[in-house]
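Just so it is clear: chains get the letters A, B, ... in the order the sequence lines come, proteins before strands, and each one is counted from 1. Just so you know, these numbers use all the heavy atoms, side chains as well, and skip hydrogens, waters and symmetry mates.
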Amino acid sequence: MRPLLSLVSGAWGRRIVIGLPFLWLALFFLLPFLVTLKIAFSPSINGIPPIGPILGLTDDGALRITLHIENWSYLFQDPSYVIAYGRSLLTAAITTVLCLVIGYPMAYRIARASPRMRPLLLILVIMPFWTSFLIRVYAWIGILKDNGLINNFLLWTRIIHQPLQMMNTQFAVHLVMTYAYLPFMLLPLYTTLEKLDLSLLEAASDLGGRPIISFLTVTLPLSLPGIVAGSLLVFIPAVGEFIIPTLVGSPGHQMIASVVFDEFFSNRDWPTASAVATAVVLLLLVPILALVWLRQRNDAKLIASS
Amino acid sequence: MQFTPTDGANALHPPHIRIEGVSKRFGGFTAVRDIDLTIGRGELFALLGGSGCGKTTLLRMLAGFADPSTGRIHIGDRDVTHLPPYERPVNMMFQSYALFPHMTVAANIAFGLKREGLPKPEIARRVEEALALVKLDGLGGRKPAQLSGGQRQRVALARAVVKRPEVLLLDEPMSALDKKLREHTQFELMAIQRQLGITFVMVTHDQEEAMAMATRIAVMDGGRIMQVGSPRDIYETPRSLFVADFIGSVNMLEGQVVETQGAEAAMDCPALGRRIVFAAGRNLALGETVALALRPERITIGQAASGANHVHGQIQALAYHGGASVFRVLLPTGTLLQVTRPNLVEGSGSTLAIGDAVTLSWSPQATTVIET
Amino acid sequence: MTPVLSWRLLTAMLIAGLAFLYAPIIILVIYSFNASPMVTIWTGVSAKWYGVLAHDQEILRAARVSIEIALISATGSTIIGTLAGYALSRFRRFRGRSFFMGLVMAPLVMPEIVSGIALLLMFVGSEQLFGWPHGRGIVTICAAHITFCSAYVAIVIQSRLAGFDTSLEEAALDLGAMPMTVFGLVTLPLILPGIVSAWLLAFSLSIDDVIVSEFTSGPGSTTLPLVIFSRVHLGVSPEVNALATIIIAIVLTATALLTFARLKRRAEG
């Protein structure tokens, strides 16, 4: 099939349709990232901006490129970086598991609701996502703090006599992150579960599988794409999360984004901040590539089916 | 197979569409191979074949959605080979109907007329005419989603014929309808075609539909045309095993010619375990291997022999179809023959049962010699 | 079909999950009407914090800046993202398609903090070399927002086009419409709901952004989320509760209107 006779007629229309977004993204996404990579190898100096050159001339006039890898060696020598990376990965993993455990039964129940109820329930799930992220995080502060809703209630009922420390703990970070990222998990799960052919389950139980067997051998494997997509959609942004640990976490338990932020604004060490930021991307490369692969596979399916 | 390009042109149907040496390749895949075909003016022509046989690609080349890799296509006196779809005197009824969901039925039908820049009153008049033609008067204000499947099909038809194209292309026109509606629509479509006098080219995978509707059929396989002819030609004198097998049910009999006598010949058929007599149709050499096609309804089933050829066997299976019964008869040689018998009188469907010993008979003229 | 967990238990889990999603928001709204300046100590119903908010010049200015940025960013990213989504779903083969696709999707998975730093570093470098952009402000924030929003727009448009029967476009061509007419009369009206929801998504992403704005804003271009963030950092304030309630009310109304419009359209077929 001719690609629809290139509806935007002619090669020029096509060039604009592809070229404009390409140019924009090259300029405001690819280029900034290359600049960051370059600065990650630059020396840190006292100046405005606080970046030294990596290109220079030697005494005999030859071009000299100096890659300053000291920004990178910090990352491994200073345990605080390694700990922050580890904490980010762990927090993201805990968030992902909690979202999955809470989200799967919800998505399953919505997918099996009557066709009239399904869109309504779906909107209920999505609506918080449209509400400001910042405000949803902020809402928890009033609930969790020492003289907040939960503590006031527990003190009033005399279950406790001293307020529980919930704000500025890892508990608060995990709770609020699960809360904020739950919709990311719910939507892909719902999409796969909704498409799941119920007659397969009927066939499984008809062939004598008890519910748990049917679930493990039919439902779970078939909803795996949704589980993987949802987990990646939660895990990837969770690793780089900044707002939640800053607002409800403990200052002594920094996640990696806060480290980048401090290096950049408080220490004004731009090269180190660039190196730490680049390392975050490298750290996320495997899950990101997995997500890209999933999308391209769907894209290939789309092409093959046309 | 060889055809002359003027195959179908006769006094009744002077040539209208000429397809000359047309091929279509997609990358390394050849969808249509070197097709020559002439379709007469006013014909209802069917392109028949299984999925992937190239029939849809050929139709899309007539519509202008695909460019032929080689060859030319003429409609009337015009070479339309590389003309874009919007400049062709051709309209198409899509398999999915492709009705614009955001427009009313009337707006859908008016779409093509507006592109011609016709004055508004004329457009309105012709839309009314088209709606009346497909018996949808008064439904012009509805949206496609508010119509039944059969009504949508009529809108698609009205939208395609309202521009008075020279040629109407129909891509699997009945595939979305249920069986009952399909038969009814077949007759209606044929009546509309006769009324308008437009040349119809229809793609279908349903051989019964092609047989019932078409003036002529091209049977396609692997991007080639296997045979072109009237439904009767194709059914009664299939020129290849593929065509014989594709159109209806058939029993294939092979053997060596042992005797020729005028128009008739005899061969030894190992599958039947006996010698049979058949109408040769052409000169056959002694010792030549030939294949015969024997249609199930040409065989008489009963207790006594009644034709020039007969074999004995036992009913292994039978299916009652109402109007006819279909038998599978096992011969002592292990061959299964399929036999169809019309149920002419009440109760005739139940006179034979599984396990009954029967005799099958047929005349020399019942078989057709197939090229192998 | 018997699920592993009983039907009733699943329903209970769904209700509990929805309660988890909504309870904090509802509590926030209730406390915005608290008379006490101590947010969590209830002293009586009052709307006085809304009055305080109405005279808070910093917040009003920031809201204006945010809306201006969100309008520009949503429109810009809808144009760029629609083109990208159209290219991805309609041009099935062109050189560098995989690279193009990677580039379009990458902003979705890039941690915001990385995008923020990278953009700031590039703007600083570009100012040094070319004198542009002169400092940071609304222009740089918009450029940054358009970049990450257009990725979301592209996804929405691509999925909209993927579920689009291409024979509709062919039918229009077949009925004599020229390619540009086909786009205007058939393609565009049919993907318009997608374009509208993509614009709204981009608008809400832009007006809610903290991190990228933090890096690309300058003096005088402080956005509303940046003001909220810095105030929240200092503690809970009843004024922020009132502001949050207004934002929630706007989102709720918009969602309800959109849903109603969609259901109405579906009912009309």
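- In this structure, the portion of I113(C) lying under 4.5 Å from any heavy atom of chain A is its side chain and not its backbone.
- Heavy atoms closer than 4.5 Å to chain A are found in the side chain of L120(C), but not in its backbone.
- When heavy atoms are compared at a cutoff of 4.5 Å, F264(A) approaches chain C solely by way of its side chain, counted from C-beta outward.
- Contacts of L20(A) with chain C are made by side-chain atoms alone, with heavy-atom separations under 4.5 Å and no backbone atom involved.
- Paired with F133(A) under the rule side-chain contact (heavy atoms from CB on, under 4.5 Å), one option of T131(A), I135(A), V137(A) passes, and it is V137(A).
- For a residue to count as touching a neighbouring chain, one of its non-hydrogen atoms must lie under 4.5 Å from one of that chain's; by this rule I213(A) does not touch chain C.
- Residue F148(C): no heavy atom, backbone or side chain, is found under 4.5 Å from chain A.
- Within a 6.0 Å radius of CZ in F22(A), no more than 12 heavy atoms belonging to other residues, nucleotides or ligands are found.
- Within the 4.5 angstrom heavy-atom criterion, atoms from both the backbone and the side chain of W130(A) approach chain C.
- For chain A, the nearby parts of V109(C) are the backbone and the side chain; heavy atoms of each come within less than 4.5 Å.
- Looking at I155(C), the atoms closer than 4.5 Å to chain A (heavy atoms on both sides) all sit in the side chain, from C-beta outward.
- With a threshold of 4.5 angstrom between heavy atoms, P24(C) approaches chain A through its backbone and through its side chain.
- Heavy atoms closer than 4.5 Å to chain A are found in both the backbone and the side chain of M13(C).
- Ring geometry for F261(A) versus F265(A): interplanar angle of 30 to 60°, hence tilted.
- Other residues, nucleotides and ligands place more than 12 heavy atoms under 6.0 Å from the CZ atom of F94(C).
- When heavy atoms are compared at a cutoff of 4.5 Å, M110(C) approaches chain A solely by way of its side chain, counted from C-beta outward.
- Looking at L124(A), both its backbone and its side chain come within 4.5 Å of chain C, counting heavy atoms on both sides.
- Under the 30°/60° scheme for interplanar angles, the aromatic rings of F215(A) and Y108(A) are found to stand perpendicular.
- With 3.5 Å as the limit, one finds no donor-acceptor pair spanning the side chains of Q158(C) and Y86(C).
- Of the residues considered (I80(C), L121(C), V251(C)), L121(C) shows the highest number of contacts with chain A, using heavy-atom pairs under 4.5 Å.
- With a 4.5 Å cut-off on non-hydrogen atoms, L175(A) touches chain C through its backbone and its side chain both.
- Both the backbone and the side chain of T147(C) come within contact range of chain A, judged by heavy atoms closer than 4.5 Å.
- Only the side chain of L28(C) has a heavy atom closer than 4.5 Å to any heavy atom of chain A.
- Both the backbone and the side chain of L134(A) come within contact range of chain C, judged by heavy atoms closer than 4.5 Å.
- Contact annotation for L103(C): both backbone and side-chain heavy atoms come within less than 4.5 Å of a heavy atom of chain A.
- Contacts of L18(C) with chain A are made by both backbone and side-chain atoms, with heavy-atom separations under 4.5 Å.
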